[in-house]
Protein chains: 2
Amino acid sequence: MARTPPTKPRKNALQARSRATVDALVEATARILVREGFEKASTNRIAEIAGVSVGSLYQYFPSKEALVAAVIDRHNEEIMGLVRTALTEVADLPIDKAARKLVRVAIEAHRIDPKLHRVLAEQIPRTGQLKDVEAFNREVQTLVRTYLESRRKEMRKIDLAVATFVCVSSIEAVAHNTVLNGPEMLSEKMVRTLVDETTRMVVGYLR
Amino acid sequence: MARTPPTKPRKNALQARSRATVDALVEATARILVREGFEKASTNRIAEIAGVSVGSLYQYFPSKEALVAAVIDRHNEEIMGLVRTALTEVADLPIDKAARKLVRVAIEAHRIDPKLHRVLAEQIPRTGQLKDVEAFNREVQTLVRTYLESRRKEMRKIDLAVATFVCVSSIEAVAHNTVLNGPEMLSEKMVRTLVDETTRMVVGYLR
DNA sequence: AGGAAAAGCGAGCGAATGCTCGCATTATAC
DNA sequence: GTATAATGCGAGCATTCGCTCGCTTTTCCT
């Protein structure tokens with residue numbers, strides 16, 4: 001059927017120019033989302049802001065949804081980067097030290113780009129991207145659970161799956177709500193208090 | 001400028017017929033949201049499902065957003081009903097009994113209409129309705145905080161505002177995630193476990 | 001019964017949006 | 001230099017959607 005094209009696909013084709021185009025498009029999408037909201041983020045406008053034509057846009061992103069998904073992925077990857085390194089750093093620490101670090105990281109992760117985070121949380125209809133977000137959630141659960149397994153001796157008898165679920169949900173919610181409540185809750189003093197309290201709750205619960 | 005219209009507004013005008021129309025519209029909106037998702041919920045379609053004309057729709061709801069807001073309000077009111085009565089029932093109970101009841105109610109509240117809850121949480125861009133949702137959140141915080149104040153002697157020294165924030169966020173998150181994770185997490189056994197664990201965490205934290 | 005106000009109707013307007021397609025420009029290979 | 005593939009362009013199509021407006025039907029009051 002599909003015979004091999006007589007001319008091999010170009011080698012480093014997807015580079016210099018096109019890579020820049022893709023980046024510009026994702027960046028423009030994020031900018032518009034933050035500055036004007038989801039409703040204003042039409043494909044035409046995104047292309048305009050990116051300094052790219054709509055046609056080119058559709059060469060790299062099959063739909064508007066794909067563009068938004070790319071922004072979400074980029075943001076999630078930033079967050080997951082923090083979380084992953086924190087969890088490896090913490091692997092050999094006792095629960096109380098580890099919990100404190102993880103809580104702190106959770107808040108910091110949500111602070112990476114609060115405005116974008118807010119838009120993604122509040123304005124983007126999660127349609128199809130759900131799978132991606134769920135994947136991130138599952139990864140976090142798995143990582144935390146693995147850590148907890150390695151520290152079982154410090155803990156009381158407890159169903160690890162349930163404990164992980166409760167702890168991760170709680171920490172994530174505190175971080176999330178803190179950031180969404182606006183800058184007034186993000187003073188250094190307040191953050192420290194919240195880290196203290198959340199850590200205390202989680203550690204007290206686990207052992 | 002605007003002189004009083006020579007004919008006074010009718011007395012019990014907004015009744016029998018029109019009340020039914022309004023109800024049909026809100027109900028139809030909720031049905032479409034649950035069964036077909038937010039994207040399919042056009043005003044034309046809502047009117048069609050409600051067995052009402054678009055014209056009539058716009059006599060009672062100035063915009064599509066208003067319709068969705070009505071659905072959200074109705075749902076939130078159901079939830080707040082449960083929460084309010086639970087909190088009055090609990091007013092004279094010690095913290096451990098109270099916490100258990102509140103955690104249970106939180107999960108039950110989210111279970112009222114899980115599919116609708118999911119759509120509202122995942123698909124509806126919160127634009128403008130934010131104020132309403134925030135109002136509900138604040139009410140819950142206030143009610144819980146008032147309860148905790150009355151039980152301060154059972155608790156350790158602690159900033160009540162922070163404690164309330166952490167506890168409410170956590171309980172809400174566990175309930176929310178439990179329901180969103182689908183029916184498999186809603187077995188009676190699982191719910192009981194989750195209530196036990198969350199209660200334990202919160203109570204241990206408060207005292 | 002008669003009339004007036006309330007309620008309801010639904011074709012269709014205007015605007016916006018996602019996306020296509022035929023063509024132009026630029027980079028690469030020989 | 002020339003052929004070929006990659007990249008970029010943007011006017012405009014097709015569709016959808018929120019919403020209006022002129023009109024009809026129902027309800028209520030006297």
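Worth saying up front: this structure is predicted, and the values here are computed from it rather than measured. Each chain gets a letter, A, B and so on, in the order its sequence line appears, and its residues count up from 1.
In this structure, CZ of A/Arg17 is placed 4 Å from C1' of D/dT7, rounded to the nearest angstrom. Atom C1' of nucleotide C/dT17 and atom CG of A/Leu57 are separated by 13 Å, given to the nearest angstrom. Atom CD of B/Glu48 and atom P of C/dA11 are 12 Å apart (whole Å). Between A/Phe61 atom CZ and C/dT20 atom P the separation is 15 Å, expressed in whole Å. The nearest whole Å value for the distance from the NZ atom in B/Lys40 to the P atom in D/dC17 is 9 Å. Rounded to whole angstrom, the span from the OH atom of B/Tyr58 across to the C1' atom of D/dC21 amounts to 14 Å. Nucleotide C/dG18 holds its P atom 8 Å from the CZ atom of A/Phe38, rounded to whole Å. Computed from coordinates, the A/Leu67 CG to C/dT17 C1' distance equals 14 Å when rounded to whole Å.
One side chain, B/Ser53 or B/Ser56, offers a donor N or O that lies under 3.5 Å from an acceptor on the other.
Residue A/Tyr60 is classed as a sugar-phosphate contact, given heavy-atom separations below 4.0 Å to backbone atoms only. The residue B/Thr43 sits close to a base: some heavy atom pair falls under 4.0 Å.
Applying the 6.0 Å contact sphere to CD of B/Glu39 captures no more than 12 heavy atoms from other residues, nucleotides or ligands. When the shell of 6.0 Å around NZ of A/Lys101 is examined, it contains 12 or fewer heavy atoms from other residues, nucleotides or ligands.
Positionally, the nearest nucleotide of DNA chain C for A/Val54 lies more toward the 5' end than for the other of A/Val54 and A/Gln59. Residues A/Ser63 and B/Asn44 each lie close to DNA chain C; by heavy-atom proximity, the contact nearer the 5' end of the strand is made by B/Asn44.
The side chain of B/Ser42 lies closest to D/dC17 when the candidates are D/dG8, D/dC17, C/dC9. Side chain of A/Ser18, nearest nucleotide from D/dG8, C/dA7, C/dT20: D/dG8. Which of D/dT20, D/dT7, C/dG18 sits closest to the side chain of A/Lys64 comes down to C/dG18.
Taking the six-membered ring where tryptophan is involved, the planes of B/His117 and B/His75 are tilted, since the angle between them lies from 30° to 60°.
The side chain of A/Ser56 places an N or O atom within less than 4.0 Å of a non-bridging phosphate oxygen (OP1 or OP2) of D/dC9. For A/Ser53 and D/dC9, the shortest distance from a side-chain N or O to OP1 or OP2 is below 4.0 Å.
Geometrically, A/Lys131 does not engage A/Phe136 in a cation-pi contact defined by less than 6.0 Å to the ring centre and at most 45° from the axis.
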